[in-house]
Amino acid sequence: MDDEYFMREAMALADAARARGEVPVGAVVVREGTIIGRGSNAPIGASDPTAHAEIAALRDAAQRLANYRLPGCTLYVTLEPCAMCAGAIMHARIARVVYGARDPKTGVHGSVLDLFGVTQINHHTQVEGGVLADECSRLLSEFFAARRAQRALT
């Protein structure tokens with residue numbers, strides 16, 4: 001499995017979110033080398049605090065498989081998951097998560113806390129961070145820099 005290839009697919013979805021004025025986060029769910037779920041951030045446009053890229057990708061994959069469980073699947077996401085998304089990932093029984101940039105404010109794979117490492121939880125997901133981290137971080141930093149510059153003009 002080519003982690004960089006699938007992360008670039010997630011980055012394309014992050015760029016689509018950016019073009020809609022959303023924080024640029026994208027995610028894909030992969031099973032047996034095939035993308036079965038795609039998602040990009042949409043909480044602003046959808047007026048939905050749960051409309052994170054990971055949730056959208058999980059929903060898309062679950063509908064395609066007609067199953068709320070996604071064992072054997074890998075989720076690629078451009079940003080370290082938050083607590084809400086980590087919970088959904090574990091409930092879906094995702095086998096592996098691969099993310100790009102760390103999130104020092106809400107990340108739960110060690111940046112703020114490590115929900116994936118809680119041994120009392122009945123499902124454990126393998127997590128790997130840092131795949132194309134610089135490129136994923138750049139998407140976010142350029143988005144927020146542009147947003148700050150726009151605010152300074154008004």
**Prompt:** Which value, rounded to the nearest 0.5 Å, describes the distance between L65 atom CG and C73 atom SG?
**Reply:** 6.0 Å

**Complete:** Hits for side chain to side chain contact (heavy atoms under 4.5 Å, CB included) against R69, two or more places apart or cross-chain, chain-then-number order -> N67, P71, R93

**Prompt:** Do T50 and R59 have side-chain heavy atoms sitting under 4.5 Å apart?
**Reply:** yes

**Message:** Which residues end up grouped with I55 if you chain together Ile, Leu, Val, Met, Phe, Trp and Tyr wherever their side-chain heavy atoms are less than 4.5 Å apart?
**Reply:** M84

**Asked** How long is the span from the CG atom in L115 to the SG atom in C82, to the nearest 0.5 Å?
**Response** 9.5 Å

**Request:** Could you tell me which residues satisfy side chain to side chain donor-acceptor pair (under 3.5 Å) with D60, sequence neighbours excluded, listed by chain and number?
**Result:** none

**Prompt:** Roughly how far, to the nearest 0.5 Å, is the OG atom of S111 from the CD atom of E80?
**Reply:** 3.5 Å

**Request:** With sequence neighbours excluded, tell me which residues meet salt bridge (Lys or Arg N to Asp or Glu O under 4.0 Å) with R8.
**Result:** E135

**Message:** Working to the nearest 0.5 angstrom, can you tell me the gap between I36 CD1 and L70 CG?
**Reply:** 6.0 Å

**Asked** Can you find a heavy atom in the side chain of K105 that is under 4.5 Å from one in the side chain of V112?
**Response** no

**Asked** When rounded to the nearest 0.5 angstrom, what distance separates CZ in R148 from CZ in F143?
**Response** 10.5 Å

**Message:** Do L79 and V28 sit in one hydrophobic cluster, given that two such residues count as connected whenever their side-chain heavy atoms are within less than 4.5 Å of each other, even indirectly?
**Reply:** no

**Prompt:** Quick one: side chain to side chain donor-acceptor pair (under 3.5 Å) partners of D114, sequence neighbours excluded?
**Reply:** none

**For E142, all residues meeting side chain to side chain donor-acceptor pair (under 3.5 Å), sequence neighbours excluded** = none

**Prompt:** Which pairs with one or both residues in residues 13-26 pass salt bridge (charged side-chain N to carboxylate O under 4.0 Å, His left out), sequence neighbours excluded?
**Reply:** D15-R18

**Prompt:** What pairs with R102 under salt bridge (Lys or Arg N to Asp or Glu O under 4.0 Å), at least two apart in sequence or on another chain?
**Reply:** none

**Prompt:** What residue pairs, at least two apart or across chains, pass ring pair (Phe, Tyr, Trp, His ring centres under 6.0 Å) with a residue in residues 105-137?
**Reply:** Y99-H109

**Asked** If you look only at pairs with a residue in residues 35-55, which of them pass as a salt bridge (charged side-chain N to carboxylate O under 4.0 Å, His left out), with sequence neighbours excluded?
**Response** E9-R38

**Asked** What residues, two or more places apart in sequence or in another chain, satisfy side chain to side chain contact (heavy atoms under 4.5 Å, CB included) together with A146?
**Response** none

**Prompt:** For S141, what residues pass the side chain to side chain donor-acceptor pair (under 3.5 Å) criterion, not counting sequence neighbours?
**Reply:** none

**Prompt:** Can you tell me how far CZ of R138 sits from CG of L132, rounded to the nearest 0.5 angstrom?
**Reply:** 10.0 Å

